[in-house]
Each structure stands twice: as C-alpha cells, then as structure tokens.
Number of protein chains: 2
Amino acid sequence: MTRMHYTRDNMAGLLRSHDINPTHQRIEIAHALFSRQEHLSADQVMAIVNTRHSETSKATVYNTLKLFLEKGLVREVIVDPSKVFFDPNTSPHHHLYEVDSGKLSDIDAEHVQISGLPPLPDNMVTEGIDLIVRVRRKA
Amino acid sequence: MTRMHYTRDNMAGLLRSHDINPTHQRIEIAHALFSRQEHLSADQVMAIVNTRHSETSKATVYNTLKLFLEKGLVREVIVDPSKVFFDPNTSPHHHLYEVDSGKLSDIDAEHVQISGLPPLPDNMVTEGIDLIVRVRRKA
DNA sequence: TCCGGATATTAGACAAAGTCCAGATTGCCG
DNA sequence: CGGCAATCTGGACTTTGTCTAATATCCGGA
C-alpha cells in the first residue's frame, strides 16, 4: 500500500467513494482523523477542528462521526468506559490499551490467530471480533 | 465445581474471603450479582437492591462495585459505550455481545486459543485480554 | 456501659459524554 | 431568482458516574 497524502481534496474523494456528501465540515473531520492516523474521541475531534476559530458544532461532530461509522469509513473502539474512540484504520486489527495513560495503539491482525470459538446460533452473524490487550506499566 | 447457594450468609463469607468488610449494603449488592450470575450495570444493581424500599444510595452502589473490582470479586466488561457491566464470573472467559438487544453472555476461555500476539515492551505487563464477539440477528 | 476513632453510608450538587430538536443555512436545480 | 432537500447549529436535556461534607455505624478498650 503506497503512502498517500491526506489532503482535503483527497478527503472529498474518500467521502464520495463511501457515498457521503462531502461538505466542508465533513471534510475537516475526516481530515482530522485521517491525516493523524490516530484514535480520537469526539471531544478531541471537536478540539482539532475548532482550533483557530469555532467552525463546527458539537451536534455536527457527533452526527458526522456516526455517519462515518455507518458508512464504514471509521471504526469505533470501546475500551474506556468514559469515552468512545474513532479509528480511521478499518483494516482488520486489534488494540493495545495502556490503562494508566489511556494510550491506544494497533496490533496488526495478520499474525494473530483466534481459534476454538464456539459456533454461533443459526440466526446470528458476526459483526466483528474485538480483541483488546490491556497493559499496565510495571511497578 | 459444585453448585452452591448464594445465600446472604454465604455472601458474607465470600466478602470476608476477599478482604472486604461485609456490611449490610455490600451483602445485598453481592447477592444481587451472584444469585443471578448475570452481567449487571450499576443502574440495574441499584434497581434490584432497592426494589421494596430504598435502602442503598447511588454513591454506595458505585463505591461498592468499585471496591469489588479492586478486590477481584467481580470483573468489568466494557462493550457498550453508554454503560459498564459488572460480571460476577471471574474465571477466564470471553464475551458474546448481541448488538441489537444488548444481551451479553459468556464464552468459556478453555477451548479458545489466541496466538501470534506481538511481544510487549519490557516495562509493560498484561493486565488482561478481552475478547468480544459482536453478533447481530440475521436480517 | 460509655467513649472515641475508624470505617461506611448518604443526599445532593456536580461533571462529562452524548442526544435531540426546532430553526437557520447552504447548495443545487429548474 | 425561488424553492426544496440536505445540512448545520445552539442550547436544552439525559444519562452515567464522581465528589463532598455531614451523618451513621461498628468495635475495642477503660
């Protein structure tokens, strides 16, 4: 996979390719997530987008992140009871969570094997498997 | 493992064995969790404990659940962004989460193998590995 | 028994994350 | 330009959880 530049223009294309109407606010929010390639909470996204002067309302940030989620542009990572993180990396991967610092990083799923899971009932489909390794700094 | 009765008297013993002073409120909260053997949120615990007449304050419910957590009597399950579940089953196991209904059930860890996780940095220790299988009812 | 300190509990104010709504803006198409 | 649909907005609201200062309970010793 070639390294690409996450310019605002490219964001517009990315949004369109996911069937999302690329408005100014949506482009800024996508840019915040993708240019950093980091896990961000809604709060953090709002702070980034509104650094210079307030441009985007809280409601829009939440609506947009939910929209991105539905359209498969980002993933939701639930590791901290107090806030949800949004992950611009949608390729299969797991997470490493440092409980004291709150730092969250990716674990490539490529070499991780999970076996022995019991079969699901017929009327159920797997939506996703989340593997979270919680670590702590040694005393 | 023999089936046991989760009487309030047995709860007192259980608390003592975990180095917890068995007060009336703590016994009631432990009883709510262990007699049901279910995943309960703080809200649900409070509702159960206060069914007949209000007996236990919100602060005490939260304090007590946090205490149980520290003492290793229960586990915390973070699957729903809006609330934390407390799990009286502390033996190694994973979770199955039905996203539409919010129903949460256990997956015994005995036959599940997870391999290929990358090594941790030297100064880190694993606190726990959470595996959550998210399922949805077929359309 | 009574006292004193340590431990627990409480009500209610507070904080943070997220939702909701009704009105204002924007952008597009004829 | 006029109108419609989609989007955005401020702000009120809800929910989950925390904090604090005051009160209650428990227990050991004199």
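Quick note on labels: first sequence line is chain A, next is B, and so on, each numbered from 1. From a predicted model like this one, the values you see are computed outputs, not experimental measurements.
A:Ile20 has its CD1 atom 18 Å from the P atom of C:dG27, to the nearest Å. When rounded to the nearest whole Å, the span between CG of A:Leu67 and C1' of D:dT7 equals 11 Å. Computed from coordinates, the A:Gln44 CD to C:dA17 P distance equals 10 Å when rounded to whole Å. Atom CG of A:Asn50 and atom C1' of D:dC8 are 13 Å apart (whole Å). Rounded to an integer number of Å, the gap from NE2 of B:His24 to C1' of C:dT10 is 14 Å. Following rounding to the nearest Å, B:Leu15 (CG) and C:dA8 (P) show an atom-to-atom distance of 12 Å. Following rounding to the nearest Å, A:Lys83 (NZ) and D:dG17 (C1') show an atom-to-atom distance of 14 Å. Following rounding to the nearest Å, B:Asn63 (CG) and D:dA21 (C1') show an atom-to-atom distance of 14 Å.
One can find a donor-acceptor pair under 3.5 Å joining the base of C:dG18 and the side-chain atoms of A:Lys58.
Annotation: A:Asp100, atom CG; neighbour count of heavy atoms from other residues, nucleotides and ligands within 6.0 Å is above 12.
Shown here for B:Ile78 and A:Pro81, the closest heavy-atom pair between the two residues is CD1-CD, 3.6 Å.
The listed nucleotides are C:dA17, D:dG10, D:dT7; the one nearest the side chain of A:Asn21 is D:dT7. Here the side chain of B:Ala59 is nearest to one of C:dG12, D:dG17, D:dC8, namely C:dG12.
Dashed line: the shortest gap from a side-chain N or O of A:Gln25 to OP1 or OP2 of D:dT9 is under 4.0 Å. For A:Ser82 and C:dA16, the shortest distance from a side-chain N or O to OP1 or OP2 is not below 4.0 Å. At C:dT19, none of the side-chain N or O atoms of A:Tyr62 fall inside 4.0 Å of OP1 or OP2 (strictly under the cut-off). Considering only side-chain N and O atoms, B:Ser57 lies under 4.0 angstrom from the phosphate OP1 or OP2 of C:dT10. Put simply, A:Ser41 has no side-chain N or O that comes within less than 4.0 Å of OP1 or OP2 on C:dA17.
Counting any heavy atom pair closer than 4.0 Å across all strands shown, B:Thr60 reaches a base atom.
Map A:Arg26 and A:Pro81 each onto its nearest nucleotide of DNA chain D; the residue landing nearer the 5' end is A:Arg26.
Relative ring orientation between B:His39 and B:His93 is described as tilted, the plane-to-plane angle lying within the 30° to 60° band.
Remark: the backbone N or O of A:Asn21 is paired with a side-chain donor or acceptor of A:Arg26 at under 3.5 angstrom.
Atoms NE2 and CZ, on A:His24 and A:Arg8 in that order, are 8.5 Å from each other to the nearest 0.5 Å.
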